[in-house]
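Shown next, in structure tokens, is the structure this report addresses.
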Amino acid sequence: MGENAKSGTASGSFKKLLKSPRLWILIVTIAVLSVLQPGVFLTRANMISILLSISIYGIMVCGTIFPILLGGIDLSVGAVAAAAGAACVVTIVNHDFSNPSVLTGVLFGLGIGLLVGLAHGIIVSTFSVPPFLITLASQYIVYGIAQLLTQNNVIACMKPATFAFLGGGRPFGIPFSIIIMAVMALISYFILNRTVFGRTVYAVGGNVEASRLSGVRSRMVIIVCYMFSGLTSALAGIVLASMNRQAIAKAAQGYDNFVLTALVVGGASLMGGEGNITGAIWGAFLVGMVSNGLRLLGIASEYHGIFKCIVIVAAVSLDATMRYRKSGLQRRRRRKVSVS
């Protein structure tokens, strides 16, 4: 009896997977690029290359999804990453590249991310300032902090090996940044799907007032979500600084666009209450895969944006259509009434 139940559950999960539009979008994209670039695109080395290229904003996505689920937004992720990376590198350089300074620098950088997230959460939850406005304003403030830390110069940091390992290490042949992204994705998945806090995030994102009346401490939930977004952005910035072996004030400029694109393509609603980390990482991978395919095909970079936008619009439209049909809703069609 138990074995039959398990097999039925497994069969149901498999059928659900086969009906997923995201799976078929991924399969079709891989198939097209594999035909266009046989023996090049669908290889282990190229798949690792794609994951490596998305690892920085993939780490950011794992935290930025929390404000999105609340119906908010965090536009400061690139600035926080730049400031955290600069803080870490400056600390290491000022302590003569010693191994203990790596830990101090990492903690310093992560602390900046937490403080920025704390400020966002307090302002948004206490004064009801639109998240778009406050995070856009703080973006320029935090970039200013990064410029102060670096004195608007490029600061090289080629050692010690412990710092270089964060962005350049390859345990078991896998870039360490990909492992960090995978670990952060698992942490986000566990929080959102296996904890009470995760359920309250979706509840607050669905209806703040109803959640408050139900006894949910919505203010605390908002603060923690923005702090986690700041933390993952800072972590991504430290890894990026390690990859580049240097710190510059505009290191992660534009990464907020990649993060938001991955979230929207992955099915997260900017209105809040809908989305998951699995879809977000899928969105990041799809965008990275398209970018990689365009480079392999030798298409000029000027046209990359056009092709990526076409794929993104197609993916979002197909996903939205499939979810609409699954909801059981049907559109009303106007019937022409003939007048005799």
Side-chain angles (χ1 to χ4, degrees), residues 55-91 105-127 129-149 166 180-181 183-185 187-188 191-192 197-198 201 204-205 218-242 247 249-260 262-263 268 272 277 280:
S55 60
I56 299 300
Y57 63 90
I59 294 171
M60 293 178 177
V61 159
C62 296
T64 311
I65 190 173
F66 283 80
I68 295 293
L69 290 174
L70 293 176
I73 199 169
D74 189 353
L75 297 176
S76 68
V77 292
V80 170
C88 182
V89 168
V90 168
T91 301
V106 169
L107 292 176
F108 186 20
L110 295 179
I112 289 177
L114 287 172
L115 285 174
V116 173
L118 177 63
H120 289 161
I122 291 174
I123 294 172
V124 170
S125 62
T126 304
F127 303 104
V129 177
F132 175 87
L133 182 62
I134 181 60
T135 57
L136 180 63
S138 67
Q139 180 187 88
Y140 295 100
I141 296 172
V142 179
Y143 270 130
I145 293 172
Q147 288 178 328
L148 289 173
L149 287 169
L166 292 174
I180 294 175
M181 178 180 67
V183 170
M184 294 308 302
I187 292 172
S188 295
I191 293 173
L192 290 173
F197 179 78
V201 171
V204 173
S218 56
R219 183 183 176 190
M220 184 58 65
V221 172
I222 293 171
I223 291 173
V224 172
C225 285
Y226 277 96
M227 287 181 70
F228 192 57
S229 179
L231 179 68
T232 55
S233 300
L235 177 60
I238 293 168
V239 176
L240 180 62
S242 174
K250 301 288 186 178
Q253 192 171 29
Y255 272 67
D256 47 345
N257 294 328
F258 289 116
V259 170
L260 289 176
L263 288 167
I277 190 61

>> If you compare all heavy atoms of Phe197 against all heavy atoms of Cys225, which two are closest, and at what distance to 0.1 Å?
In response: CZ-SG, 4.0 Å
> What closest approach, in Å, do Gly113 and Val80 show between heavy atoms, and which atom pair accounts for it?
Replying inline: CA-CG1, 3.8 Å
> Any chance the side chains of His120 and Thr135 put a donor and an acceptor closer than 3.5 Å?
Replying inline: no
>> I'd like to know whether Phe127 forms a side chain to side chain contact (heavy atoms under 4.5 Å, CB included) with Ile134, so could you lay out the CA-CA distance, the side-chain angles of the two residues, the decisive distance to 0.1 Å, and finally the verdict.
In response: CA-CA 11 Å; Phe127 303 104; Ile134 181 60; over 6 Å; no
>> Quick check: closest heavy atoms across Pro131 and Tyr226, and the distance to 0.1 Å?
In response: CB-OH, 3.1 Å
>> My understanding is that only one of Ile65, Thr64, Leu75 makes a side-chain contact (heavy atoms from CB on, under 4.5 Å) with Val259; could you say which?
In response: Thr64
Distance-only criterion, 3.5 Å: show the donor-acceptor pairs between side-chain atoms of residues 228-240 and protein atoms not counting sequence neighbours.
from, atom 1, to, atom 2, distance (Å)
Ser229, OG, Asp74, OD2, 2.8
Thr232, OG1, Phe228, O, 3.2
Thr232, OG1, Ser229, O, 3.1
Ser233, OG, Ser229, O, 2.9

> Say you draw a straight line from CD1 of Ile68 to CG of Leu260; how long is it, rounded to the nearest 0.5 Å?
Replying inline: 5.5 Å
>> If I take atom CD1 from residue Ile59 and atom CE from residue Met181, how far apart are they, to the nearest 0.5 angstrom?
In response: 7.5 Å
> Just how far is it from atom CD1 of Ile187 to atom SG of Cys62, taken to the nearest 0.5 Å?
Replying inline: 8.5 Å
> To the nearest 0.5 Å, what is the distance between CD1 (Ile123) and CD1 (Ile223)?
Replying inline: 10.5 Å
> Where is the tightest heavy-atom contact between Val201 and Leu70, given as atom of each residue plus distance?
Replying inline: O-CD2, 3.8 Å
> Got a donor-acceptor contact below 3.5 angstrom from the Gln147 side chain to the Ala249 backbone?
Replying inline: no
> Rounded to the nearest 0.5 Å, what separation is found between the CE atom of Met184 and the CE atom of Met60?
Replying inline: 12.0 Å
>> Please determine whether side chain to side chain contact (heavy atoms under 4.5 Å, CB included) holds for the pair Leu166 and Val106, giving the CA-CA distance in whole Å, both sets of side-chain angles, and the decisive distance to 0.1 Å.
In response: CA-CA 10 Å; Leu166 292 174; Val106 169; 4.2 Å; yes
> Given side chains that start at C-beta, do those of Val129 and Val124 come closer than 4.5 Å, heavy atoms only?
Replying inline: no
>> Using the rule given for side chain to side chain contact (heavy atoms under 4.5 Å, CB included), can you reason through Leu69 versus Leu192, listing the C-alpha separation, both sets of side-chain angles and the distance that settles it, and then say yes or no?
In response: CA-CA 10 Å; Leu69 290 174; Leu192 290 173; 3.7 Å; yes
> Where do Gly254 and Tyr143 come nearest, in terms of heavy atoms and distance?
Replying inline: N-OH, 4.4 Å
>> For a 4.5 angstrom cut-off between non-hydrogen side-chain atoms, does Phe66 reach Val224?
In response: no
> What's the spacing between Ile73 CD1 and Leu136 CG if we round to 0.5 Å?
Replying inline: 9.5 Å
>> Could you go through Asp256 and Val77, starting from their C-alpha distance and side-chain angles, then the distance that decides it, and tell me whether this counts as side chain to side chain contact (heavy atoms under 4.5 Å, CB included)?
In response: CA-CA 6 Å; Asp256 47 345; Val77 292; 3.7 Å; yes
> If you look at every heavy atom in Arg219 and Ser125, which pair is closest and at what distance?
Replying inline: CG-OG, 3.3 Å
